[in-house]
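First the structure, in the form of structure tokens, and then the observations on it.
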Amino acid sequence: MPHRHAGRAHDHHSSDDPGALIRWPRRYDLLVGVALAGRGRRLRGYLADVLGVDPGDRVLDVGCGTGTLALVLAGRAGPQGSVTGVDASEEMVAAARAKARGKNVPVEFRVAPAQELPFADDSFDAVVTSLMIHHLPEADRLPAVREQLRVLHPGGRLLIAEFQAPEGPIGSKVTGHLFGHAMADNNLDEVAALTSAAGALDVGRHPSGVGWLGLVTGTKPAA
Ligand SMILES: C[S@@+](CC[C@H](N)C(=O)[O-])C[C@H]1O[C@@H](n2cnc3c(N)ncnc32)[C@H](O)[C@@H]1O
């Protein structure tokens, strides 16, 4: 998704750079609605299937945005489970909390950076991150995936859903023009390589049913 650089005026990548936060939740939800063109509900259910969320699971959504996926996952995890969504954007977390209000599902949202998750090792049965990795400075992407594996229980499942840039120079140019180079240059093979390099096992790629979204799965090695 298109993004605005957060926090700092510069645009270079450095380790103290938080990444490109989104600060306009309402517009974001509208944009996602248009991009998914009625396929959102089915896609999120499918992501829950691929992640393998069962009743009682503890699930983390990193870069949860306005919380739409986290709420679906919370419905699957049920009253014995829990879903935690984190995002470094206060505006997105506020919107996610508002969306969850009055819904009887076990979900909570916190402001936290993907680079330093505020959770103990082995805290979750499953971790998902959707359209977030390409928002990070390149130097932070591998450490962020390591961080996701750190908080996973041994044997726990990781799902990374990422933008799949259109192939060919024209698609790439149009994407770059509309959404910036982070999206135009996003490469699912690199995301899969990153996931292996971070230490995940059984790394695999899957279609999502939505042309511009690819899925990478892996598991945390058993202790
Ligand atoms: C394209 S949105 C994806 C939101 C949601 N996961 C979805 O699939 O619709 C990317 C999200 O990542 C968040 N983000 C960017 N950098 C981050 C960071 N360093 N730590 C946590 N969240 C971050 C943004 O604020 C934004 O909400």
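Counting starts at 1 for both ligands and their atoms, following the listed order. Note that the numbering runs from 1 along the sequence shown for the chain. Heavy-atom basis, side chains included; hydrogens, waters and symmetry copies ignored.
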Any [X] heavy atom less than 4.0 Å from ligand 1:
| X | value |
| --- | --- |
| Leu69 | no |
| Val32 | no |
| Ala112 | yes |

Worksheet item: Between Ala144 and ligand 1, which residue portion shows a heavy-atom distance shorter than 4.0 Å: side chain, backbone, both, or neither?
Response: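 For Ala144, there is no contact with ligand 1 at all, from either part.
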Worksheet item: Relative to ligand 1, is Gln115 under 4.0 angstrom through side chain, backbone, both or neither, heavy atoms considered?
Response: side chain
Of the choices [options], which has the non-hydrogen atom that lies closest to [atom]?
| atom | options | value |
| --- | --- | --- |
| atom 15 (C) of ligand 1 | Ala88, Gly63, Ala20 | Ala20 |
| atom 10 (C) of ligand 1 | Leu117, Asp140, Leu47, Leu131 | Leu131 |
| atom 17 (C) of ligand 1 | Val111, Val62, Leu21, Ile133 | Leu21 |

Atom indices of ligand 1, in the order listed, that fall short of 4.0 Å to a heavy atom of [X]:
| X | answer |
| --- | --- |
| Ser89 | 25 (O) |
| Pro113 | 20 (N) |
| Leu136 | 18 (C), 19 (N) |
| Gly65 | 4 (C), 27 (O) |
| Met92 | 27 (O) |

Tell me whether [X] has any N or O atom under 3.5 angstrom from an N or O of ligand 1.
| X | result |
| --- | --- |
| His135 | no |
| His134 | no |
| Asp61 | no |
| Gly19 | no |

Minimum-distance pair of heavy atoms, taken over all atoms of [X] and [Y]:
| X | Y | value |
| --- | --- | --- |
| Leu117 | Glu147 | N-OE2, 2.7 Å |
| Val216 | Val203 | CG1-CG1, 4.0 Å |
| Leu136 | Ala114 | CD2-CB, 4.5 Å |
| Gly85 | Cys64 | C-SG, 3.6 Å |
| Gly63 | Asp87 | C-OD2, 3.4 Å |

Item to complete: Could you tell me whether the side chains of Thr217 and His206 share a donor-acceptor contact shorter than 3.5 Å?
Response: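 Yes, because at least one side-chain N or O of Thr217 sits under 3.5 Å from a partner of the opposite role on His206.
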Tell me whether [X] at atom [atom1] has more than 12 heavy atoms from other residues, nucleotides or ligands lying less than 6.0 Å away.
| X | atom1 | answer |
| --- | --- | --- |
| Asp49 | CG | yes |
| Arg146 | CZ | yes |
| Arg41 | CZ | no |

Discussion item. By the definition side chain to side chain contact (heavy atoms under 4.5 Å, CB included), identify the one residue from Leu131, Leu215, Val145 that meets it with Ile160.
Written reply: Val145
Worksheet item: Which residue, Leu51, Leu152, Leu201, forms the side chain to side chain contact (heavy atoms under 4.5 Å, CB included) with Leu158?
Response: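 The single option meeting the side chain to side chain contact (heavy atoms under 4.5 Å, CB included) with Leu158 is Leu152.
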